[in-house]
Enquirer: 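Got a structure here, written out as structure tokens. Questions coming.
Numbering starts at 1 and runs along the sequence shown.
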Amino acid sequence: MSNEGKALIPIEEKLVDFYGDELAAVLVQDDIGEVQVYVPVRPICSYLGLAWPPQYSRIQRDPVLSEAASSVTVTVTEVGQRGVMVCLPLKYLPGWLFGISVNRVRPELQGKIIRYQRECYDVLWKAFQTGRLTTDTDIMQGDSPAVQAYHLAMAVVELARNQVLMETRLSSRLDEYGRRLEQIEATLGDPGRNVSPEQASQLSQAIKAVAMKLSEKSGRNEYGGVYGELYRRFGITSYKLLSAQRFQPAMRWLTEWYQSVTGGEEAPF
């Protein structure tokens, strides 16, 4: 699960009345500066009569959901306090919901699960797009085949839109994030103890190369993840704070990572 060890803090929280179930949705800015809606999963499990541990295990086993899931500090309405919950980005919520096998749950829960699979994404998305905090009471709330097709189509359209936006912004965001990070860290470091400016530049180029190759495979922005792994492995908060004597081990580690991703391709740094 991403962001292990620390919880993201919401920018905004909303409660959505979904056929009597009070669902939470939070607007979060993640480590790479992307703002998106996250949804706590455990309360939905409770509403659907599903045990949380098996569902948490299912998320952990799934390579996509486990990477997308994050710990977020959200309001726990039952006790009026804040607590850390496992959340999925809203765009991945249908992936988890459609992984629930309706035929394997109690008959009295099957209709409710189908309703969540059909409408939950659309309702939560609209809450942040238009400020609507309750389900529609008009004709689009019906159960006719046409209404079902409408909600399914809306979900598919939004998922496709998110994918297109992600693909078109990925490359530019990598460069933008790198420039911003370098500007913030420009005054950090001790030349007598830490890597030189030239060595810091080599580290930055190596990190970018690894992130680009990872992004080509995953379709996600991996820039922040590579920086974070470097910081965790070497116990630093900036690549410019890396001690000079650990520069070569860091470069060897990045080179090995690059080659493992590319199948042995010679590193360009």
Enquirer: Please check if the side chain of Lys213 supplies one atom and the backbone of Trp257 the other of a donor-acceptor pair under 3.5 Å.
Expert: no

Enquirer: Supply the atom-to-atom distance Tyr92 OH to Tyr38 OH, rounded to the nearest 0.5 angstrom.
Expert: 9.0 Å

Enquirer: If you count heavy atoms of other groups shown closer than 6.0 angstrom to CD of Glu266, is the number above 12?
Expert: no

Enquirer: What distance separates Asn194 CG from Gln245 CD, expressed to the nearest 0.5 Å?
Expert: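 Asn194 atom CG to Gln245 atom CD measures 10.5 Å (nearest 0.5 Å).
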
Enquirer: Within a strict 4.5 Å, meaning less than it, do heavy atoms of the Ile44 and Val39 side chains meet?
Expert: yes

Enquirer: Taking all non-hydrogen atoms of both residues into account, name the closest pair between Pro268 and Ala209 and its distance.
Expert: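 That closest heavy-atom pairing would be CG-CB, 4.2 Å.
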
Enquirer: Using 0.5 Å steps for rounding, measure from the CG atom of Leu88 to the CG atom of Leu93.
Expert: 6.5 Å

Enquirer: Specify the closest pair of heavy atoms between Gly49 and Arg106, including all atoms of both residues, with the distance to one decimal.
Expert: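 Gly49 and Arg106 have their closest heavy atoms at O-NH1, 4.5 Å.
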
Enquirer: Could you grab the distance from atom CD of Glu198 to atom CZ of Phe247, nearest 0.5 Å is fine?
Expert: 10.0 Å

Enquirer: Is the cationic atom of Arg246 (NZ for Lys, CZ for Arg) positioned less than 6.0 Å from the six-membered ring centroid of Phe234 and within 45 degrees of its normal?
Expert: no

Enquirer: Do Phe18 and Glu119 come within less than 4.5 Å of each other through their side chains, counting heavy atoms only?
Expert: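 Yes, side chains in contact.
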
Enquirer: Within the structure provided, determine whether Ser218 and Glu67 are in side-chain contact (heavy-atom separation under 4.5 Å).
Expert: no

Enquirer: Looking at every non-hydrogen atom in both residues, tell me the closest pair between Val261 and Lys217 and how far apart they are.
Expert: O-CE, 2.8 Å

Enquirer: Output the distance between atom OG1 (Thr237) and atom CZ (Arg232), rounded to the nearest 0.5 Å.
Expert: 15.0 Å

Enquirer: Any side-chain heavy-atom pair from Trp125 and Lys91 closer than 4.5 angstrom?
Expert: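 The answer is no, as the side chains (C-beta and beyond) never meet within the 4.5 Å cut-off.
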
Enquirer: Surrounding CZ of Arg42 (heavy atoms of other residues, nucleotides or ligands, distance under 6.0 Å), is the total greater than 12?
Expert: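 No, CZ of Arg42 has 12 or fewer neighbouring heavy atoms, counting only those of other groups under 6.0 Å.
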
Enquirer: Begin with the C-alpha distance, continue with both residues' side-chain angles, and end with the deciding distance and a verdict on side chain to side chain contact (heavy atoms under 4.5 Å, CB included) for Thr255 and Phe269.
Expert: CA-CA 8 Å; Thr255 299; Phe269 47 85; 3.3 Å; yes

Enquirer: Please say whether more than 12 non-hydrogen atoms of neighbouring residues, nucleotides or ligands are located less than 6.0 Å from CD in Glu108.
Expert: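 Above 12, so yes.
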
Enquirer: Between Arg220 and Ser215, which heavy-atom pair has the shortest distance, and what is it?
Expert: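 It is O-OG, 2.9 Å.
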
Enquirer: Could you grab the distance from atom OH of Tyr258 to atom CE of Met251, nearest 0.5 Å is fine?
Expert: 12.5 Å

Enquirer: Could you walk me through whether Leu254 and Leu203 pass the side chain to side chain contact (heavy atoms under 4.5 Å, CB included) test, one step at a time?
Expert: CA-CA 8 Å; Leu254 287 167; Leu203 281 171; 4.0 Å; yes

Enquirer: Can you name the closest pair of heavy atoms from Tyr239 and Ala200 and give their distance?
Expert: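 Closest pair (atom of Tyr239, atom of Ala200, distance): CE1-O, 3.3 Å.
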
Enquirer: State, yes or no, whether a side-chain contact exists between Leu242 and Gln199 at a heavy-atom distance under 4.5 Å.
Expert: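 Contact flag for Leu242/Gln199 side chains = no.
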
Enquirer: Go through the steps for Tyr116 and Ile100 under the test side chain to side chain contact (heavy atoms under 4.5 Å, CB included), then give the verdict.
Expert: CA-CA 11 Å; Tyr116 265 78; Ile100 300 172; over 6 Å; no

Enquirer: Any link between Ile114 and Phe98 through a network of hydrophobic side chains (Ile, Leu, Val, Met, Phe, Trp, Tyr) touching at under 4.5 Å?
Expert: no

Enquirer: Using salt bridge (charged side-chain N to carboxylate O under 4.0 Å, His left out), reason through Lys126 and Asp122 one step at a time and then give a plain yes or no.
Expert: CA-CA 6 Å; Lys126 287 180 180 177; Asp122 196 33; 3.3 Å; yes

Enquirer: Using every non-hydrogen atom in the two residues, find where Gln110 and Asn103 come nearest and quote the distance to one decimal.
Expert: NE2-CA, 4.2 Å

Enquirer: Carefully, step by step, assess Val123 and Leu23 under the rule side chain to side chain contact (heavy atoms under 4.5 Å, CB included).
Expert: CA-CA 10 Å; Val123 170; Leu23 303 182; over 6 Å; no

Enquirer: Would you call Trp96 and Asp62 a side-chain contact if the rule is heavy atoms closer than 4.5 Å?
Expert: no

